[in-house]
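Lettering follows sequence order; numbering is per chain, from 1. For clarity, every value in this text was computed on a predicted model and none was experimentally measured.
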2 protein chains.
Amino acid sequence: MPGIECCNGVTMAEADAQSRARQLLSAAAGRVTPARLAVLEILLDSATALSHHEIEDAIERRGLDVDRVTLYRVLEWLVERDLAHRIAAEDRVWRFNAADRAHAGEHAHFHCTQCGQIVCLDGPDSAATFALPEGYQPERAEITIHGRCPRCAG
Amino acid sequence: MPGIECCNGVTMAEADAQSRARQLLSAAAGRVTPARLAVLEILLDSATALSHHEIEDAIERRGLDVDRVTLYRVLEWLVERDLAHRIAAEDRVWRFNAADRAHAGEHAHFHCTQCGQIVCLDGPDSAATFALPEGYQPERAEITIHGRCPRCAG
DNA sequence: ACCATCAATGCAATCGAGTTGCATCTTTTA
DNA sequence: TAAAAGATGCAACTCGATTGCATTGATGGT
């Protein structure tokens, strides 16, 4: 998608995950470290939400070595600055994706019951109306569709 | 929430739950044990989904002593037999309620962001249509509304 | 370009939810 | 009422995640 402008006045065409990650990091008023760069790049590159282990593996594959704890802290830091998005799945494992995939505000997730993959979906076409009992004040809805992903369904 | 007091310091609601629990258990082709009775009664009595710890506390309050592991196994057993319903919350702690509160099939949950309580809601009035990408095969939707419960909102 | 500062990292220890193996005890049924 | 199937308690363990603390390294000021 050449020429389309993205967040900081740079076009997608000239911004691969690497430079984009660096850019996002320096814009976030934090230090640009190898661990943060690697993690953010990996998240930007992935179409699916990644678990801690999956990110760890991806880091290793890049020949880097980042401590388990550092990874937790990097992810925490990215989430705090809205550069990443954290999803709680039923297996009680956090999963993360780059914030740009987590379409701002309301959006749903798809969870493949076979391979376990989780992807962000565009928001619901229309807000479903829920029968909220008297006095309950809704703030946000969290929606997960469980089913089979294209690869597992095929 | 405590009801009108009955014979031996037990409230009407509790007495109800007691006989109901015993009934459900014997109908479920399993042994009727003190632990199972207590847990099912507690779930039947509660308007909100209870965590393992909350159930443990409730058991203690009844003067019973049930092992941590036994409680896990009782809950697992109840869920297998559809006598209880298990909910995964964002704090990565399972919560349980009696199955009769978990209206069969599709239904949503309300999570109070202040006190942490989780309650079952009636299902969405109509299935919202989601923009599922090509090839994704939905099976069931899981919906949680986050907000404030009547007590915390007031 | 250098250096001092303070945030970021690595390491070890710890937490907490949940699970497993096994010996013992209890409900059931015959 | 006794045997058998099943439930329980205990101890040890798994695993994701967190904390404390000493060390390292990115960055802004000179």
Nearest 0.5 Å, please: how far is OG in A:Ser51 from CD in A:Gln117? 11.0 Å
To the nearest Å, give me how far apart CD (A:Glu90) and P (C:dG18) are. 13 Å
At a cut-off of 3.5 Å, list every protein nitrogen or oxygen paired with a nitrogen or oxygen from nucleotides 20-25 of chain C, distance to 0.1 Å.
from	atom 1	to	atom 2	distance (Å)
C:dG21	O6	B:Arg73	NH2	3.4

Could you give the CD1-to-P distance, from A:Ile55 to D:dG16, as a whole number of Å? 13 Å
Determine whether B:Trp77 and B:Trp94 fall in the same hydrophobic cluster, where Ile, Leu, Val, Met, Phe, Trp and Tyr are linked whenever their side-chain heavy atoms lie under 4.5 Å apart. yes
Would you indicate what B:Arg68 reaches in the nucleic acid, counting non-hydrogen atoms under 4.0 angstrom: base, sugar-phosphate, or nothing? base
Report yes if a side-chain nitrogen or oxygen of B:Tyr72 is closer than 4.0 Å to either non-bridging phosphate oxygen (OP1 or OP2) of C:dG18; otherwise report no. yes
Could you tell me whether A:Asp91 contacts a base, only the sugar-phosphate backbone, or nothing, with contacts defined as non-hydrogen atoms closer than 4.0 Å? nothing
Check this one for me: any side-chain N or O of B:His53 less than 4.0 Å away from OP1 or OP2 of C:dA17? yes
Do A:Phe96 and A:His85 pass the ring pair (Phe, Tyr, Trp, His ring centres under 6.0 Å) test, and can you show the C-alpha distance, the side-chain angles, and the key distance before you say yes or no? CA-CA 5 Å; A:Phe96 301 85; A:His85 177 223; 9.2 Å; no
Take atom NE2 of A:His52 and atom P of D:dA17, then tell me their distance rounded to the nearest Å. 7 Å
Would you say a side-chain N or O of B:Thr70 is under 4.0 Å from OP1 or OP2 of D:dG9? yes
Rounded to 10°, tell me the angle between the two end axes of the helix from C:dA1-D:dT30 to C:dA30-D:dT1, each built from five pairs. 30°
Residues B:Glu90 and A:Arg140 bridged, charged N to O under 4.0 Å: yes
For the pair made of CZ in B:Arg81 and C1' in D:dG6, what is the distance, rounded to whole Å? 11 Å
Measure from the side-chain N and O atoms of B:Thr144 to the backbone N and O of B:His109, and report whether any donor-acceptor pair falls under 3.5 Å. no
Calculate, to the nearest 0.5 Å, the distance between atoms CG and CD belonging to A:Leu40 and A:Gln23 respectively. 11.0 Å
Rounded to the nearest Å, what distance is computed from the CG atom of residue B:Leu37 to the P atom of nucleotide C:dT28? 10 Å
Can a side-chain donor-acceptor contact be found between B:His146 and A:Glu142 if the only test is distance below 3.5 angstrom? yes
Please evaluate residues B:Arg148 and A:Gln137 with respect to the criterion side chain to side chain donor-acceptor pair (under 3.5 Å), reporting the C-alpha separation (whole Å), side-chain torsions for both, the decisive distance (0.1 Å), and the verdict. CA-CA 5 Å; B:Arg148 312 273 274 306; A:Gln137 296 193 348; 4.7 Å; no
Return the polar atom pairs (N/O with N/O) between nucleotides 26-30 of chain D and the protein under 3.5 Å, or none.
from	atom 1	to	atom 2	distance (Å)
D:dT27	OP1	A:Val32	N	2.9

Candidate list B:Arg22, B:Arg36, B:Arg62, B:Arg20, test side chain to side chain contact (heavy atoms under 4.5 Å, CB included), partner B:Glu41, passing option: B:Arg62
Just how far, in rounded Å, is P of C:dA13 from CG of A:Asp67? 14 Å
SG of B:Cys112 to CD1 of B:Ile145: how many Å apart, nearest 0.5 Å? 13.5 Å
Of the candidates C:dG18, D:dA7, D:dA17, the side chain of B:Trp77 sits closest to D:dA7
In this structure, would A:Ile42 and A:Leu64 fall into the same cluster of hydrophobic residues linked by side-chain contacts under 4.5 Å? yes
Give the rounded distance in Å between these two atoms: CG of A:Leu75 and P of D:dT18. 10 Å
Answer yes or no: does atom CZ of B:Arg81 have more than 12 heavy-atom neighbours from other residues, nucleotides or ligands under 6.0 Å? yes
Quick check on C:dA17: is either OP1 or OP2 less than 4.0 Å from any side-chain nitrogen or oxygen of B:Trp94? no
In whole Å, I'd like the distance from the CD atom of A:Glu80 to the P atom of D:dT18. 11 Å
